[in-house]
**Student:** 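To start, I am sharing the structure in question, which I have written as structure tokens.
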Amino acid sequence: MEEARQDNLRQSALDYHAHPKPGKLEIRATKPLANGRDLSRAYSPGVAEASLAIKANPDTARDYTARGNLVAVVTNGTAVLGLGNIGPLAAKPVMEGKAVLFKKFANIDCFDIELAERDPEKLAEIVCAMEPSFGAINLEDIKAPDCFIVEKICRERMNIPVFHDDQHGTAIVVGAAATNALRLTGKKFEDIKIVSTGGGAAGIACLNMLLKLGVKRENVWLCDIEGLVYEGREAEMTPQKAEYAQGTTPATLGDVIDGADMFLGLSGPGVLKPEMVAKMAKQPIIFALANPTPEILPDEARAVAPDAIIATGRSDFPNQVNNVLCFPFIFRGALDVGATTINDEMQIACVEGIAKLARQTTSAEAAAAYRGEKLSFGPDYLIPKPFDPRLIGIVASAVAKAAMETGVAARPLEAPEVYKAQLDGSVFKSALLMRPVFEAAATASRRIVFAEGENERVLRAANAMIEETTDTPILIGRPEVIEMRCERAGLPLDLRAVEIVNPENDPRYRDYWGTYHELMARRGVTPDLARAIMRTNTTAIAGIMVHRNEADSMICGTFGQYLWHLKYVREILARDGLHPQGALSLMILEDGPLFIADTHVHHQPTPEQIAETVIGAARHVCRFGLKPKIALCSHSQFGNLDIDSGERMRAAMNLLLQREVEFDFEGEMHVDAALDPETRARLMPDSRFEGAANVLVFANTDAASGVRNILKMKAGGLEVGPILMGMGNKAHIVTPSITSRGLLNMSAIAGTPVAHYS
């Protein structure tokens, strides 16, 4: 059975690499090459201008080529993962994987370069000769002690960052984990005894990092396959190991482990025995980082030391020491300030940034990627997870700041706070576009009631609201369920900072059902039905709270059908001139934002309803700091078809012209004419606006919703919304696919006073 499972995993991995096309990387052009003019600029004769500019000023290579965002991952395949000396060709899948991680986590372009050269000095010469091509070099999987030689030569000769990730990446993450482990145990670096096994590139680098953080060299005991490293030992020695020699007589790991506060293993499986753990100090810190089998399994260590704090190199145990927490972001920060090297201060800034992030609230995105794990700071959560999207903003900006402070930044940042916001925006696609909305929301403190307050996504959004906004979340749900789900998710939501409405036992129940009955008495709702609805229908409860001014806005729809929620919103809140005008979805795409309407409210809108949708959309687009350019879309194009959708769009156009609205709109037209100015110019030379439309209004919800879903599922669009227009910001109905970040965005929209966008 196990053999079959392993065969299946092996074939699955091979299929992943082989299909739909071999490998994990491809090269894409970033400029158009569609005609002769493009060719003349991309190559001869136009390319000569860029070459001459760089010859005159080498710094402009960053402006005219990809070099400033290009890293080489270089190996000779002599120490690959847990595979050993498999050679450069077999190492290529691993290096391609490293390049993918650079792109995925930090948007850094990367070439993997596998070199058939075992001599470290010759290898260094080859790497140095590549300096004109790259903005930085990531040395990878080169055996010790050769890696020390290669890195030293390259750093001395090259004027770009050279970073051997197996050494320093591991050391940085170990440093961050150790920082937090000591914080939990109340110990200090300068006081602890460390016993380490291994003595290879990563092990030596980790010990060097721990010394930089305050550990005393005389408190470090290094062991390898020959036992303790001591003065005068000849077997299996290197100059790097000799730096950590202790005493003059042989000893074993078991001899020196007594009283150790920390074990650092980068050696092999089963090296640390349970009886050795029993001899360590109270609350021992055990970093058993050998892969795939650690020096001791966590369960074995805890059997003799239940209070042990344990990290491994494996993803199936807590506290995985994973270089991806570091290397993409240290390179990101270094590249962005034109650093000439990666120095100690930059590495320590990286350590501090990673450690600090683990002590903060877990992000919703990390929680979604690691569903089922408890992600809150403690013995089982010393360092963040690799998919925590906050890493790039915190770590890269800290590295950039350290580079500037130490004078190795050739292009210092003018506004570091703006740089961090840009980094955050590169991960949270909505971050930069949502900034005006969050800033407007910060001018007032509003009460936002969530109808589905027991939902984990809602709880995460509420926690983020407390941390990032001035608004107060109100949760409709059973307190014991909310508390249990926060505990299960490892979410430190301060329930004292939120208001909880228990539908099963709230002192306002009599007032709520009475208010609802008063509103609905002549619409077929009896007192008994009103009582039942106020016990079971959280959307109706949220609506009543807003109606009674106990909340400023409501958000519902994380489960259920949109129109079902809309029914209660209409019944309770559509009064005093308010009524649903349409649902507007903001789709954030790679090439910019695109708004889609009406996605949910009016299945077959009248001309009057279309005009209302257009006006509402224009108002909301302005909230995001954008100038609305609205296209009324139909199968008919500028009157060429007498069909229902075209006739309704034409009538809506006339209504808008009569109202003399002060924003750009045009129609009726196809979507391609809306988005392609050249196509539109051929069809309608005197079009009412220039450039591409940023709002598409459709003649029915089938078309609008279909486009919205295609953009979301196939074009990678991130949706903000749907925004319910026409309700004075009193209610918004989301869809079941919304994320916690999406709910936070909606809370900011709901948290903006109407005066800001009316």
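Numbers for residues simply follow the sequence, beginning at 1. When reading the values below, keep in mind they use all heavy atoms of this one structure, side chains included, and skip hydrogens, waters and symmetry mates.
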**Student:** Between CG of L289 and SG of C206, what distance do you get to the nearest 0.5 Å?
**Tutor:**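 Interatomic distance, L289 CG to C206 SG, rounded to 0.5 Å: 7.0 Å.
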**Student:** Taking the side chain as every heavy atom from C-beta outward, state whether V498 and T472 have any atom pair closer than 4.5 Å.
**Tutor:**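 Result no, sub-4.5 Å side-chain heavy-atom pair not found.
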**Student:** Does L182 reach the side chain of I285, with side-chain heavy atoms less than 4.5 Å apart?
**Tutor:**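 Contact flag for L182/I285 side chains = yes.
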**Student:** For a 4.5 angstrom cut-off between non-hydrogen side-chain atoms, does E499 reach L475?
**Tutor:**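 Of all side-chain heavy-atom pairs linking L475 with E499, none is under 4.5 Å.
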**Student:** Under the side-chain hydrogen bond (donor to acceptor under 3.5 Å, both in side chains) criterion, do N502 and E504 qualify, and how do the steps go?
**Tutor:** CA-CA 5 Å; N502 183 358; E504 293 182 348; 5.1 Å; no
**Student:** Only pairs under 3.5 Å count here: list side-chain donor-acceptor contacts from residues 274-283, not counting sequence neighbours, and write none if there are none.
**Tutor:**
from: K279; atom 1: NZ; to: G254; atom 2: O; distance (Å): 2.7

**Student:** Does D261 reach the main-chain N or O of K193 with its side chain, forming a donor-acceptor pair under 3.5 Å?
**Tutor:**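 Yes.
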**Student:** Are the side chain of N322 and the backbone of L325 linked by a donor-acceptor contact shorter than 3.5 Å?
**Tutor:**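 No; judged by distance alone, with no hydrogens or angles, the pair does not exist.
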**Student:** I'd like to know if the side chain of N319 and the backbone of L382 have a donor-acceptor N/O pair within less than 3.5 Å.
**Tutor:**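 Present.
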**Student:** Measure the CZ-CG distance between F287 and L210 for me, rounded to the nearest 0.5 Å.
**Tutor:**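 Answer for the CZ-CG pair, F287 versus L210, is 8.5 Å.
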**Student:** Mark yes when over 12 heavy atoms from residues, nucleotides or ligands other than E468 sit less than 6.0 Å from its CD; otherwise mark no.
**Tutor:**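 Yes - once you tally the heavy atoms of other residues, nucleotides and ligands closer than 6.0 Å, there are more than 12.
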**Student:** Is S397 reaching over with its side chain to a backbone N or O of I394, donor-acceptor style, under 3.5 angstrom?
**Tutor:**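 Yes.
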**Student:** Hydrogens and angles aside, do Q320 and S315 bring a side-chain donor and acceptor to less than 3.5 Å of each other?
**Tutor:**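 Distance-only check fails for Q320 and S315.
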**Student:** Tell me the closest heavy-atom pair linking L184 and P379, and the distance in Å.
**Tutor:**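 So the two residues come closest at CD1-N, 3.6 Å.
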**Student:** What I want to find out is whether R332 reaches D109 closely enough, with some N-O distance under 4.0 Å, to be called a salt bridge.
**Tutor:**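 A salt bridge is absent here (no side-chain N lies under 4.0 Å from a carboxylate O).
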**Student:** For G175 and L213, which heavy atoms make the closest approach, and how far apart are they?
**Tutor:**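 So the minimum-distance heavy-atom pair works out to CA-CD1, 3.8 Å.
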**Student:** Is there a side-chain contact between L459 and I482 (heavy atoms, below 4.5 Å)?
**Tutor:**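 Side chain of L459 against side chain of I482, heavy atoms only: contact under 4.5 Å found.
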**Student:** What is the minimum heavy-atom distance between M209 and A171, and which atoms define it?
**Tutor:**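 Minimum heavy-atom contact is CG-O, 3.5 Å.
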**Student:** Identify whether the distance between the nearest side-chain nitrogen and carboxylate oxygen of E190 and K216 falls below 4.0 Å.
**Tutor:**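 Salt bridge flag = no for K216 with E190.
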**Student:** Could you tell me if the side chain of C556 sits less than 4.5 Å from the side chain of T538, heavy atoms only?
**Tutor:**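 Contact flag for T538/C556 side chains = no.
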**Student:** Return the CG to CZ distance between D552 and R446, rounded to the nearest 0.5 Å.
**Tutor:**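 So the gap between those two atoms works out to 4.5 Å.
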**Student:** Evaluate F105 against F327 for ring pair (Phe, Tyr, Trp, His ring centres under 6.0 Å), listing each step before the verdict.
**Tutor:** CA-CA 10 Å; F105 289 101; F327 74 82; 7.9 Å; no
**Student:** Using atom types as modelled and distance alone, determine if a side-chain donor or acceptor of D166 lies under 3.5 Å from a backbone N or O of D141.
**Tutor:**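 Yes; at least one donor-acceptor contact below 3.5 Å.
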**Student:** CD1 of I354 to NZ of K356: how many Å apart, nearest 0.5 Å?
**Tutor:**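 Spacing of CD1 (I354) from NZ (K356) equals 13.5 Å.
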**Student:** Less than 4.5 Å apart, any side-chain heavy atom of I342 and any of H168?
**Tutor:**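 No; the side chains remain at least 4.5 Å from each other.
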**Student:** Give a yes-or-no answer on whether the side chains of N208 and K212 include a donor-acceptor pair shorter than 3.5 Å.
**Tutor:**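 Per modelled atom types, N208 and K212 side chains form no pair under 3.5 Å.
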**Student:** Please check if the distance between the ring centroids of F331 and F163 is under 6.0 Å.
**Tutor:**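 Yes; F163 has its ring centre under 6.0 Å from that of F331.
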**Student:** What do you reckon, is NZ of K401 surrounded by more than 12 foreign heavy atoms closer than 6.0 Å?
**Tutor:**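 Check fails, neighbour count at 12 or below.
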**Student:** Going through the checks in order, is the side-chain hydrogen bond (donor to acceptor under 3.5 Å, both in side chains) test met by H164 and E140?
**Tutor:** CA-CA 6 Å; H164 186 212; E140 192 75 17; over 6 Å; no
**Student:** Please determine whether side-chain contact (heavy atoms from CB on, under 4.5 Å) holds for the pair K187 and M262, giving the CA-CA distance in whole Å, both sets of side-chain angles, and the decisive distance to 0.1 Å.
**Tutor:** CA-CA 11 Å; K187 300 177 182 180; M262 179 178 177; over 6 Å; no
**Student:** Roughly how far, to the nearest 0.5 Å, is OG1 of T735 from CZ of F559?
**Tutor:**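 Between atom CZ of F559 and atom OG1 of T735 there are 13.5 Å.
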**Student:** Dump the intermediate steps for side-chain hydrogen bond (donor to acceptor under 3.5 Å, both in side chains) on N323 and D165, then the final yes or no.
**Tutor:** CA-CA 7 Å; N323 293 6; D165 186 43; 3.1 Å; yes
**Student:** Between K420 and D424, is the closest basic N to carboxylate O distance under 4.0 Å?
**Tutor:**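 Result for this pair is yes, salt bridge flagged.
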**Student:** Can you check whether A444's main-chain N or O pairs, donor with acceptor, with T470's side chain at less than 3.5 Å?
**Tutor:**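 Present.
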**Student:** Mind listing the closest non-hydrogen atom pair of I500 and D506 along with its distance?
**Tutor:**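 Shortest heavy-atom separation between I500 and D506 comes out as O-OD2, 4.5 Å.
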**Student:** Please check if the side chain of R447 supplies one atom and the backbone of P473 the other of a donor-acceptor pair under 3.5 Å.
**Tutor:**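 Not confirmed, R447 side chain does not pair with P473 backbone.
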**Student:** Apply side-chain contact (heavy atoms from CB on, under 4.5 Å) to the pair F450 and S747, showing each step before the final yes or no.
**Tutor:** CA-CA 9 Å; F450 291 90; S747 74; 4.2 Å; yes
**Student:** With the threshold set at 4.0 Å, does a side-chain nitrogen-carboxylate oxygen contact exist between K712 and E719?
**Tutor:**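 Yes, K712 and E719 are salt-bridged.
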**Student:** Charged N to carboxylate O under 4.0 angstrom, E456 versus R460?
**Tutor:**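 Yes, this pair counts.
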**Student:** Measuring from N219:CG to F189:CZ, what's the distance to the nearest 0.5 Å?
**Tutor:**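 Reported to 0.5 Å precision, the distance equals 13.0 Å.
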**Student:** Any side-chain to backbone donor/acceptor pair from N291 onto G313? Under 3.5 Å, distance only.
**Tutor:**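 Checked: pair present.
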**Student:** Side chains of L495 and E483: closer than 4.5 Å at any heavy-atom pair?
**Tutor:**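 Yes, close enough: below the 4.5 Å cut-off.
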**Student:** Looking at A339 and A403, what are the two nearest heavy atoms and their distance?
**Tutor:**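 For A339 versus A403, the nearest heavy atoms are CB-CB, 4.5 Å.
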**Student:** Just do the side-chain contact (heavy atoms from CB on, under 4.5 Å) check on E454 and V458 with the steps written out, would you?
**Tutor:** CA-CA 7 Å; E454 297 176 359; V458 170; over 6 Å; no
**Student:** Hey, is the main chain of A202 close enough, under 3.5 Å, to the side chain of Q167 for a donor-acceptor pair?
**Tutor:**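 No; zero donor-acceptor contacts below 3.5 Å.
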**Student:** I'd like to check L743 versus I555 (side-chain heavy atoms, cut-off strictly below 4.5 Å). Are they in contact?
**Tutor:**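 L743 reaches I555 side chain to side chain.
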**Student:** Between F438 and N745, is a side-chain contact (heavy atoms from CB on, under 4.5 Å) present by the stated rule, with each step listed?
**Tutor:** CA-CA 8 Å; F438 276 94; N745 287 336; 3.6 Å; yes
**Student:** Between R359 and N180, do the side chains contain an N or O donor and an N or O acceptor separated by less than 3.5 Å?
**Tutor:**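 The answer is yes; a qualifying pair exists.
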**Student:** For E295 and S267, run side-chain hydrogen bond (donor to acceptor under 3.5 Å, both in side chains): C-alpha distance rounded to whole Å, both residues' side-chain angles, the deciding distance at 0.1 Å, then the answer.
**Tutor:** CA-CA 7 Å; E295 286 79 1; S267 50; 2.9 Å; yes
**Student:** Picking from I738, V437, I749, what satisfies side-chain contact (heavy atoms from CB on, under 4.5 Å) with V720?
**Tutor:**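 Considering I738, V437, I749, a side-chain contact (heavy atoms from CB on, under 4.5 Å) with V720 is found only for I749.
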**Student:** Using every non-hydrogen atom in the two residues, find where I296 and A288 come nearest and quote the distance to one decimal.
**Tutor:**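 Taking every non-hydrogen atom into account, O-CB, 3.8 Å.
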**Student:** Between the main-chain N or O of S737 and the side-chain N or O of R457, is there a donor-acceptor pair closer than 3.5 Å?
**Tutor:**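 Not confirmed, R457 side chain does not pair with S737 backbone.
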